Amino acid sequence: MNKVRDYRKKKGISQLVLAREIGVSRQTINMIENDKYNPTLDLCLKLAWALGVDLDTLFWREANEQES
């Protein structure tokens, strides 16, 4: 589970604003947030930069999170 939605909301921007900022559709952001689309590394980097967070924090599990 990624944390794109959490960090987008913390930044106070809509899916559309984020999508325009990184050059994708709002639907792509929605699918990423709902774990229905695996973004490329390039897109992951753009998301992390736009949201002001590192890749590990945005996409990978924390050490204490359990597999579901």
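Source: prediction; values computed, not measured.
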Check this for me: Lys9, atom NZ, are more than 12 non-hydrogen atoms of other residues, nucleotides or ligands nearer than 6.0 Å?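 Incorrect, the count does not exceed 12.
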
Supply the atom-to-atom distance [X] [atom1] to [Y] [atom2], rounded to the nearest 0.5 angstrom.
X	Y	atom1	atom2	value
Ser25	Gln15	OG	CD	9.5 Å
Asn38	Cys44	CG	SG	8.5 Å
Asn2	Leu58	CG	CG	6.5 Å
Tyr7	Leu47	OH	CG	13.5 Å
Asn34	Ile29	CG	CD1	11.5 Å

Same apolar cluster (I L V M F W Y, side chains within < 4.5 Å links), [X]/[Y]:
X	Y	answer
Val17	Leu43	yes
Trp49	Leu41	no
Leu55	Val53	yes

Going through the distances and angles, do Phe59 and Val4 end up as a side-chain contact (heavy atoms from CB on, under 4.5 Å)? CA-CA 8 Å; Phe59 287 101; Val4 174; 4.0 Å; yes

Quick test of your reading of the model: are Lys10 and Asp6 salt-bridged, counting only N-O distances below 4.0 Å?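 Looking at Lys10 and Asp6, the cut-off is not met.
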
Taking NZ, NE, NH1 and NH2 as the nitrogens, is one of them in Arg8 or Glu33 under 4.0 Å from a carboxylate oxygen of the other?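 Yes.
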
How about Asn30 and Tyr37: do any of their side-chain heavy atoms sit closer than 4.5 Å?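 A side-chain contact is absent here, since even the closest heavy-atom pair is not under 4.5 Å.
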
Heavy atoms, side chains only, cut-off 4.5 Å: are Leu51 and Leu18 in contact?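 They are in side-chain contact.
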
Does the side-chain contact (heavy atoms from CB on, under 4.5 Å) test come out yes or no for Lys3 and Trp60, once each step is laid out? CA-CA 9 Å; Lys3 299 175 189 88; Trp60 284 278; over 6 Å; no

